[in-house]
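Worksheet for the structure shown next.
Just so we're on the same page: letters track the sequence lines, and every chain starts at 1.
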Amino acid sequence: MKLPSVHRNHSGEADIQYLSATYIEGYVSDVDRFLPLSPADFQVLVLLSNRKLHGYGLVQASAEEFPAQSPLDLGTLYRIISRMLDDRLIREVKAPDDTPADRRTRRYYQATEAGRAVARAEAFRLRALLASPATLDLLATRR
Amino acid sequence: MNIGLLFIRGALRLYPAAWRRRFEDEIIDAWLDEREAAARGGRIVVWRSTGRTITGLLKAAVPVHLQHRAARRVHPELTSPRYPMRSVLIDLRYALRTLRKQPGFAAIAILTLALGIGANTAVFSVLNSVVLSPLPYADPHQLVRLYEARDDEPGMRNFLTVPDLVDVREEVRAFSSVGIGYTYEAIGGDLTSDDGATRRIRLMPVSADYFPTLRATPLLGRSFTREEEVPDLPRVILSHALWMNVAGGDSAVIGKAVRIDGVSMEVIGVMRPTFHDVVAGEIDAWTAQNTADGGYNNRDNHYVTAIARLAPGRSIAQAQAEVDALMRRLGEQHPNTNDKRRIRVLPLHEDVVGESTSAIYILVGAAGLVLLIACLNVANLFISRAVARSQETAVRTALGAARHRLVTLRLTESVLVAAMGGAIGSVLASLGVRALLSVSPDALARAEEVSFDGRLLLFGIALTLVTSVLFGGWPAWSASRVDPNTALRDGSRGNTGGRGERRGRSALVASQVTVAIVLLSGAGMLLRSFIERQRVDLGFTTDGLTTFQVNLPTARYADGPARVRLHDVYQDRLRALPGVQQVGAVSWLPGNGGHYQWGFRKVGAEGSAATQIRVIDGDYLAAFGIAIRQGRAFSDADRMDSDSVALISESLAKRLYADGSAVGSEFRTGGRQFTIAGVVADVAYQANGSRADMVYLSHDQFANNRNWALTYVVRSDLPAGTMIDQARQALGAIDRELVVHEPRTMNGVLARHRAREQFMTLLVGAFAAVALTLAAVGVYGVVSYSVTQRTHEIGVRLALGARPAQVRLMVLASGLAPAAIGLAAGLAGAVALGGVLGAVTFGISPRDPGVLASVTGALALVVLVAGWIPSGRATRVDPLQSMRR
């Protein structure tokens, strides 16, 4: 079954409204089931939403794109990968054609439609939290 | 391997196996990538990154387990054959469950296999300890035993003379050492403890090299030296058991004295508890063997045994060649004694276990047949079960179960059944072996060494696996071939099983009957042979005879006349007892194997004949019913101071005095000249009836030669127990310190020699009984199954007017036809295999037609009954009921 293409709509709060109101049954509730995501889960899912990466590639990308977070270790990473595979948030994909050929096992992963939906939902959730006047107020004060 | 990698692999061990298989390589390779990158930052960075990976892996293990378990509930495909260990566990659980649901089936299958596996394990334990295990000495392959033989009798195994052995010891370079032992069992001694109690112990004189040849060192003290090989050396080496017994394990015993035969003997050594004398059996103490020339040690007195150790790198053939050359030389130097004399060099292991080997291999074969028949039976059970479950199989197949999964499922069941059978069987085996050995401890050489060890365990496990494949493989395979379409359609009415399946079952029954008849005829042959052996004419009567030994300590009965007096007094007292008819004594009982063998030389003639010497006293000949053929028996007139007379056996008289001139002729033996006073009937010197030339000397005349340990023979109407009690009282009344030793009935003495036959007859008989039962169960099963299967058909036949007897015959045929084929095949097999039994049967042809006929008759009867009972059900089928089903 195909997931609804929620990503076509781009305006934050309305989207969340739209998601929870329209898809009260089925996949939307599935998306809700995964929220909130832990920071590590969020990193992994975000990174895999727009590219194909293997295990060490994920570690590298996370260090580049989320420098403020503590680096991902392989145990945590593969715990997340295996769970997300089971939950079908990500899937294994063919290696890109430009992959250097050596004898090491490098499996590439990419987010599924559902995975992207969950990542987006989490992003919206976080943005909504951050966009609240109280948070903005807190961020504005010095000390 | 890199330490970090080692830790990472270790940490990954904590993860679920399936998870690990999926991700292990990937994680390790990702870590290698990471390490390469970190290497640019230096060693510390590498360590830190590796440490983080390891701790991360350790932390994530538990969440992954939880995750994995949760995922399995949602995604059952994780338990598909991609995860083989899991599937085995599932199969095992499933098998346990189904077996629990059919406890009757499970119990029969398990017990049947337990019998088969138990029999095999028991027999293998004996084979393992007796035949396969090396002798309990260092470098056992170098050990040989020496026997005397003659050019005209190269197969002989005679005792040797000391002078010959001393020459062998000095001159044969292929031996690194030669040990001499005086193994005659009569060499016992009376051990007197501090409180004055006396008991008989087994004492063996050995030469200085005896223990070094076996590479056995004493636990305490030392062994004998060559200088100590002198007559009557008052020094003794104790066995560990005797040391514990008399000195309570006190190491200060060395240098102390013990009283043996009234002589105070210094203890110079104690042997280790691990030392077993495989040549002489359990010995309590060792004294020094005299090897000086003269006295007993002449080239005519064959009384010692020898073992030797091959020098490093020398072969038995080389040693034999050297010994042969030496013996030829001795034959030229001493033509009177050593002409045509040989010494045989045999591997000690073969010598010790040799006679047991063929018996054991026959038992191994018989046990194998029992296992085969057990497997056939259980296979039969499994097939009928598979048919009953064909619907289940069909459903599984229809749902897409792979064939190999179905086969594994069934095989798991059979392995499980075999494992339980094996466990129970092992217990049965250990109990059984102990029981059997306690029934007949003399049946096998090295029986005291039989034990259970790791090799046995391995054997048991291998046997169980082979067994499960044997009985489970075919049923599993054929069960997996079910066509779901047919099976599900027929299912409502109970599946009938295909023609192939029916044929398979018939073939199983036929093979069972075949195996059963082979076993039965083997058991029958052994039984016949055993009975024959009981019936063999030994030349003397045994019923009503009680025997016991009386040994006079040399210290207190130093000379011949004193010993003669004691025996005369004692015999008179015994004769005076009510119910006692005859009292005699002999140096070695007839039917009890060889003993002193001396050269017999006619005066005035060349060469000598080997004869068995027996010193007799009292009414010995009358008690055994040995007839006088010519001349006279010994009389009271034959005293020490009168002319030396002897009796010879009829065979010797016929051979050496063909003209009938034996009585009155003179001959020399044991260094003395005798006149033949009479010729007596031949008697067997071995329990199997073998005869030997005998020379009888009178104890009254010959008591000075040595202190003969006499074995008394009392013919009486009294029960043996009463007789022994009275004999003991009578002896104690004369001399308080004398002992009535080894009291037995004469039949008991002979039974010891028949122990092996008895053992084998018992065991093979038990195997045959099992085989017979299983074959009967097999036939019962087939007929009863055929009734169930054909109820509908029988109903139709009855409705159409068939008579019950006809119907009964029809179903009976389903079991009897294959049984008849099996019977024929079994008879052919029994005839073919008969030759194997030749080695152990006695007095009958191993293909004795009488035995084969009675065995066939018995089996046919059993099969008929086994088929008749269930076939009765066919006649009671109600046509209406059966067709409505």
Check your understanding: Would you say R48(B) has more than 12 foreign heavy atoms packed within less than 6.0 Å of its CZ?
Key -> no
Review point. Of all of P71(A), S82(A), G55(A), which one pairs up most often with chain B through heavy atoms under 4.5 Å apart?
Key: S82(A)
Exercise for review: State, yes or no, whether a side-chain contact exists between R83(A) and P63(B) at a heavy-atom distance under 4.5 Å.
Suggested key: no
**Study point:** OG1 on T76(A) to CG on L57(B), rounded to 0.5 Å
**Key:** 8.5 Å
Check your understanding: Do the non-hydrogen side-chain atoms of H54(A) and D29(B) ever get within less than 4.5 Å of each other?
Key -> no
**Study point:** Electrostatic pair D33(B)-R106(A), nearest N-O below 4.0 angstrom
**Key:** yes
Practice item. Enter the distance from F23(B):CZ to L77(A):CG here, rounded to the nearest 0.5 Å. Key: 10.0 Å
Point to revise | Greater than 12 external heavy atoms within 6.0 Å of L136(A)'s CG | key: yes
Study note, to complete from the structure: Honestly, the part of L72(A) sitting under 4.5 Å from a heavy atom of chain B is backbone
**Study point:** Contacts with chain A made by residues 34-42 of chain B (heavy-atom distance under 4.5 Å), listed by residue number
**Key:** E34(B), E36(B), A37(B)
Study note, to complete from the structure: In this structure, CG of L12(B) is separated from OH of Y78(A) (nearest 0.5 Å) by 11.0 Å
Point to revise | A30(B) to L74(A) - nearest heavy-atom pair and separation | key: CB-CD2, 3.8 Å
Check your understanding: By a 4.5 Å heavy-atom criterion (distance strictly below it), what part of L32(B) contacts chain A: side chain, backbone, both, or neither?
Key -> both
Point to revise | Heavy-atom pair of closest approach, residues G75(A) and A60(B) | key: O-CB, 3.6 Å
Review point. Does NZ in K52(A) sit with more than 12 non-hydrogen atoms of other residues, nucleotides or ligands closer than 6.0 Å?
Key: yes
Exercise for review: Count the heavy atoms belonging to other residues, nucleotides or ligands that lie under 6.0 Å from CZ of F66(A), then report whether that count exceeds 12.
Suggested key: yes
**Study point:** Closest non-hydrogen atom pair between W19(B) and R79(A), with its separation
**Key:** CZ2-N, 4.3 Å
